[in-house]
Each structure stands twice: as C-alpha cells, then as structure tokens.
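We name chains A, B, ... by the order of the sequence lines, and we start the count at 1 in each one.
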Amino acid sequence: MPVELQGPVRVRFAPSPTGYLHVGGARTAIYNELLRRRLGGVNILRIEDTDKQRSDEAMTRQIIDALEWLGVEIDEGPFLQSERLERHRGEALRLLAEEKAYHCFRTPEELDARRQEILGRGDSYRYKTAFGVPTRDEAERRIEAGEPYAIRLKVPDEEIVVRDLVRGDVPFPAEAQDDFIILRSDGTPTYHLSVCVDDVDMGVTHVVRGEDHLSNTPKHIALFRALGAEVPAFGHLPLILGTDKKRLSKRTGATSVEEFRDQGILPRALYNYLALLGWSPGDDRELMSREEMIEAFSADRLLKSAAVFDPDKLAWISAQYMFHSDLSVIVEHLRPFLTEVGLGEAPEERLRELIEVHRLRAKTLRELAEQLVHYFQDGIDYDDELTSKFRRQAELPTLLEELSAGFATLDDYTVDATEQVLRDLATKHEVKAGFLIHPTRIAMSGSKTGPGVFDVVVAVGQEEGKRRMSAFVEYLKANPIETEAE
RNA sequence: GGCCCCAUCGUCUAGCCAGGUUAGGACACCAGCCUUUCAAGCUGGCGACACGGGUUCGAAUCCCGUUGGGGCUACCA
C-alpha cells in the first residue's frame with residue numbers, strides 16, 4: 001500500500017458557504033469521510049467564508065444541517081476561516097521576513113494592462129518575467145512613501161509534480177510557475193494562503209477536493225514548502241455534470257442536498273448514489289450500506305472522469321431504500337412530509353402498519369405521505385371520471401352491499417379472510433372476481449391503483465371500510481349512468 | 001493563446017497499471033412471465049471501447065497524434 005493510503009489521516013471538507021450544499025460538494029464530503037473511516041483519523045469541517053460578500057451565517061448553518069442530514073460525521077470543527085485571518089496575515093509577513101515573499105507595488109490596473117499587452121502579441125505572461133522583484137532599497141523607499149503593496153510568494157523556477165491519488169503524477173513545468181499574491185494590498189489573505197496555512201495548522205494529511213483545484217495545486221505545494229511544512233497528499237475529484245453534459249446547474253434539475261431532502265429522498269439513498277458517482281467497489285455491488293462502503297473504500301479506485309448525475313437512477317436507489325430501510329428510519333424521516341399533508345399527529349403504530357402496506361409503491365417519502373392521506377380522512381370524495389365505468393353497472397350496488405355485509409360479519413378481519421368472502425361472492429353470482437375487486441378498491445381508497453385490494457381493505461379497517469362501502473353504494477345509486485339500449 | 005485534466009452502451013460503471021473476455025453488471029427503454037390495479041419481482045432483448053496512426057502473432061488495455069469536453073491562467077474562492 002502506498003504511503004499516501006495509510007492512516008491515520010487528517011482530512012478536511014472545506015466548502016464556501018455561498019449557497020446550498022451542492023451535490024458535488026456533498027460527494028467530496030462523503031469521500032473524505034469514507035477515507036477517514038477506512039484508514040482511521042479525523043474529519044475536519046472548515047467553512048471558507050473569507051469572501052464576506054458572498055457568505056453569510058445562514059448559509060453556513062444550512063451547510064452544516066445538510067451534512068448532518070446526509071449522515072456525514074464531522075470529528076472537528078466547524079472552523080470558520082474568517083476568524084483566522086490575522087493568523088494568515090502573520091504567516092504572510094513571516095514569509096516576507098524570511099525573504100520567501102516580496103512586496104509588489106504594481107496596481108491592479110497596471111498589472112492588467114501589461115498582461116493584456118503581452119497576451120495580445122501572442123506571448124505568454126508571467127509576473128516573474130514581466131516585472132520582477134523590487135530591490136530592498138526600492139521597497140523600503142516606496143513603503144515609506146506610503147505606497148500600497150501586495151505580497152507575492154517567490155515561487156522557484158522549477159518543475160512541480162503533483163502526486164495525485166486520483167490522477168497519478170501530474171507535472172507542471174518550470175515555465176508555468178509564477179509569483180502569485182498571498183496578501184492583498186488591503187491586508188487580507190488570498191484564498192491560496194488561507195487554505196495552506198489552515199491545512200498546515202490543522203495537520204491535514206490528505207487534501208481531497210474538486211478537480212477545479214488541480215491547477216492551483218502547484219501554487220499550494222510551493223506555499224507549503226515556503227511555510228516549511230510537510231506537503232499533504234492530494235486527490236482531485238472530477239466534476240458532476242447535468243444531463244446536458246454541462247456542469248450540473250439548476251437548468252437541468254435539482255443540484256443541492258436540500259432539494260433532494262425536500263423531494264423525499266432518504267439520506268442514505270442519496271449518500272449511496274453519490275458515493276457510487278465516481279467510485280466503485282470494483283465488483284458489481286450497487287446497493288451498499290455505509291459500513292460496506294467504508295470496508296470497500298480505497299482512494300485509488302476513485303474515477304478520473306466526470307460523471308453525469310442521473311435522476312432516474314437516484315429514483316431507483318431511493319425506491320430500494322424505501323423498501324428495505326428499517327421502519328423506524330422511514331417513520332423518522334417521513335414526519336415532515338406527514339405534517340405537510342396534514343398528518344402531523346398520526347400515531348406511530350398506525351403509521352407503521354400503513355407504511356408496511358405502501359412502501360413498495362412509493363419512490364420517495366413525499367409519495368408515501370400522499371398515499372397515506374386518505375386513511376385518515378372521514379370519507380372519500382369519489383371522482384366522477386374514475387367511477388364512470390361502475391356507474392354503468394346497474395347490478396353493482398346490490399353486490400357491493402352484499403359484499404360489505406360479508407365483510408362486516410368477519411371476526412378475523414384479515415387479507416385472506418376478506419379475499420375469501422369476495423371470491424365466494426363472485427362465484428355465487430357468477431361474476432369475475434375483478435368485477436368486484438375494482439370497485440372495491442375505488443370505494444376504499446378513491447384510487448384505481450395501489451397495493452393489493454385486500455391489503456387496502458384491511459388497512460382501512462372494518463368499521464371505516466363499512467362506512468366507505470355504504471357511501472360508495474349511495475354515490476353509485478345517486479349518480480347512475482344509463483346505458484343505451486341496443 | 002499558454003499550461004493541465006478527461007474520453008467503454010443514452011446514463012453510472014467493471015475490465016486498463018501486470019495486452020489474448022462472446023467487452024461484464026446496474027439505471028433507463030422494449031418484450032414476455034406473474035397478476036385484482038399500479039408498482040415491485042423474474043426472464044429475455046436493445047446497446048459501447050471517440051477517431052487516426054504506430055508497437056505486437058494479438059490492443060479497450062502500451063506509445064504518438066487528432067477531435068471533442070472541462071479546469072487553471074485574478075489583489076475570486
């Protein structure tokens with residue numbers, strides 16, 4: 001096993017609180033957790049809220065809630081990067097004192113103009129060659145004169161190789177290195193500085209993050225070296241794409257963990273789906289518990305290429321979890337959806353019976369909640385369209401009355417017993433069982449689809465079932481459709 | 001423009017590193033079975049190595065190139 005894949009590890013998930021928790025970020029968090037569980041160690045949450053204009057506390061809270069809901073366990077944190085700005089600045093000044101960094105007096109405008117000019121004539125731009133380092137005297141003079149300055153890191157003119165857990169060794173040529181700004185002229189640290197100082201301070205051993213940072217990694221390696229710190233191992237994860245093959249965006253559907261929660265996806269289902277989007281255990285397993293994933297997880301099996309987020313497959317996994325999860329898990333997560341449909345007070349015992357009957361037919365918690373509504377209503381509003389077929393059958397009300405009477409006499413009101421009653425009655429009157437079954441389903445649930453009728457009959461209950469059957473018979477009698485004589 | 005990353009069924013992927021498979025599985029789709037409905041389940045079908053050169057007896061697998069996606073190239077993160 002390569003040394004990079006040995007524990008214990010200290011990993012971190014470091015989102016910017018600029019919105020909801022994006023599924024790409026969630027997946028990064030999952031891989032960090034899986035790595036930490038597999039190898040032992042610590043999982044750190046760090047909120048990168050240095051860009052005050054784009055961050056706010058509510059968003060930070062939202063991200064923490066979403067992680068908790070998803071079931072990603074955090075061992076340390078959350079740490080707020082915004083509270084460590086002085087520390088970052090201090091390190092920049094230290095690098096300056098050690099002459100590993102230098103003053104840059106060029107204004108952004110000046111920099112931009114020169115860059116445009118050089119790029120314009122087809123040459124490649126580097127600050128290093130375009131401007132260079134001011135002499136110590138010059139620097140002192142200009143500081144004294146009160147000129148504003150930024151601080152740049154002196155990046156050695158040499159090839160930097162990123163040893164990446166996902167992509168292998170990625171070399172960046174010496175000509176690609178440039179002296180970048182670590183402290184702005186207003187005294188605030190740049191992202192690169194903050195990240196590296198924090199990673200050093202927090203003892204991070206493995207940096208697992210999005211692919212968009214791969215090109216930044218040589219900068220970070222240069223910084224770690226300048227800081228005199230050990231360079232952590234890196235792993236850069238590919239992007240998640242929408243069905244249009246472009247970066248996942250609102251255009252093509254839900255993008256945040258919160259949205260899937262609100263759709264009624266079980267957290268473990270989302271976790272399972274996301275974990276398999278860019279990683280596989282190497283065999284054909286797809287439905288895996290978190291424990292199984294931890295057991296099978298290996299960072300070197302992380303995929304290199306971008307993956308399209310497929311709502312259909314998520315729906316399938318969700319349905320699987322709806323069917324296989326413990327009842328108590330379903331009940332727990334179903335609560336908010338019950339509240340939405342006005343069933344907030346439904347007793348747990350009753351819910352468990354009904355969930356057992358309906359879970360196979362609901363892909364999401366939301367669908368499940370909607371299917372349960374009618375059991376808690378006093379009666380059913382029959383749909384004229386759905387019942388039209390039955391309203392043409394003049395003999396039906398009488399048969400249903402007899403069926404209802406049969407149900408009423410049962411001592412053991414079970415699926416088998418009610419089925420027996422119905423089938424006997426059908427035989428007696430020489431009609432097909434289906435002739436009675438379909439109207440019974442409508443009578444009991446108001447719907448033409450759903451679980452097996454006898455399950456529904458029993459789930460509705462003997463008392464309420466009788467009332468519903470009577471009401472349905474009344475409805476049929478009151479709204480008959482005359483069939484035209486041939 | 002420069003630097004870097006990526007490329008197997010429509011989608012997620014196994015296989016690639018240690019060349020020899022009828023290129024396997026899953027979702028979706030289609031058909032059949034089951035059946036009181038709708039699902040679920042079961043069985044079967046459809047369907048891929050981006051392209052072009054090498055190397056080799058033999059290439060999805062190794063090398064080069066092309067094309068196509070993407071990232072970085074900021075006093076954004």
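Across the C1' atoms, B/G10 and B/C49 are found 16 Å apart, a figure rounded to whole Å. Rounded to the nearest Å, the gap between the P atom of B/U22 and that of B/C27 is 25 Å. For the C1' atoms, the distance linking B/U11 with B/G47 amounts to 12 Å, nearest Å. Separating the C1' atom of B/C5 from that of B/G45 is a span of 38 Å, rounded to the nearest Å. Only the C1' atoms considered, B/G70 is 26 Å distant from B/A28, to the nearest whole Å. Comparing the P positions of B/C3 and B/G65 gives a spacing of 12 Å, expressed to the nearest Å.
Residue side chain A/Lys313 reaches the base of B/A26 through a donor-acceptor N/O pair under 3.5 Å, judged by distance alone.
Counting any heavy atom pair closer than 4.0 Å across all strands shown, A/Asn216 reaches a base atom. If you check every strand for non-hydrogen atoms under 4.0 Å, A/Val453 touches a base. Looking at heavy-atom distances under 4.0 Å, A/Gln320 makes contact with sugar-phosphate atoms alone, never a base. Contacts of A/Gly452 with the nucleic acid, taken as non-hydrogen atoms under 4.0 Å apart, include base atoms. Within the 4.0 angstrom heavy-atom criterion, only backbone atoms of the sugar-phosphate kind lie near A/Leu303; the bases stay farther away. Across all strands shown, A/Arg152 has heavy atoms under 4.0 Å from sugar-phosphate atoms exclusively, and none from any base. Within 4.0 Å (heavy atoms only), A/Gly434 reaches no atom of the nucleic acid at all. Residue-level contact check: A/Lys448 touches the bases, meaning some heavy atom is under 4.0 Å from a base atom.
Taking atom CZ of A/Phe172 as the reference point, atom C1' of B/C5 lies 8 Å away to the nearest angstrom. Distance CG (A/Leu422) to C1' (B/U36): 9 Å, rounded to an integer number of Å. The CD atom of A/Glu175 sits 15 Å away from the C1' atom of B/U73 (whole-angstrom rounding).
Each of A/Leu360 and A/Val166 has a nearest nucleotide on RNA chain B; the 5'-most of these lies closest to A/Val166. Remark on RNA chain B: of its neighbouring residues A/Arg441 and A/Gln81, the 5'-side contact belongs to A/Arg441, judged by nearest-heavy-atom nucleotide.
A perpendicular orientation is assigned to the rings of A/Tyr273 and A/Phe309, their planes being inclined by more than 60° (bins at 30° and 60°). Note: A/Phe224 and A/Phe234 have tilted aromatic rings, judged against thresholds of 30 and 60 degrees for the angle between ring planes.
Pair check for B/U67 finds B/A7; Watson-Crick or G-U wobble, both atom distances under 3.5 Å.
The cationic atom of A/Arg46 (NZ for Lys, CZ for Arg) does not lie both less than 6.0 Å from the six-membered ring centre of A/Phe13 and within 45° of the ring axis.
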Given protein heavy atoms under 4.0 Å, the one-letter contact record of nucleotides 29-34 of chain B, with B base, S sugar-phosphate only and - none, is simply ------
For nucleotides 59-70 of chain B, read 5' to 3', which letter fits each nucleotide if B means a protein heavy atom sits under 4.0 Å from the base, S means only the sugar-phosphate is that close, and - means neither?
-----------S
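Between A/Ile380 and A/Met444, the shortest heavy-atom distance links the atoms CD1-O, 3.8 Å.
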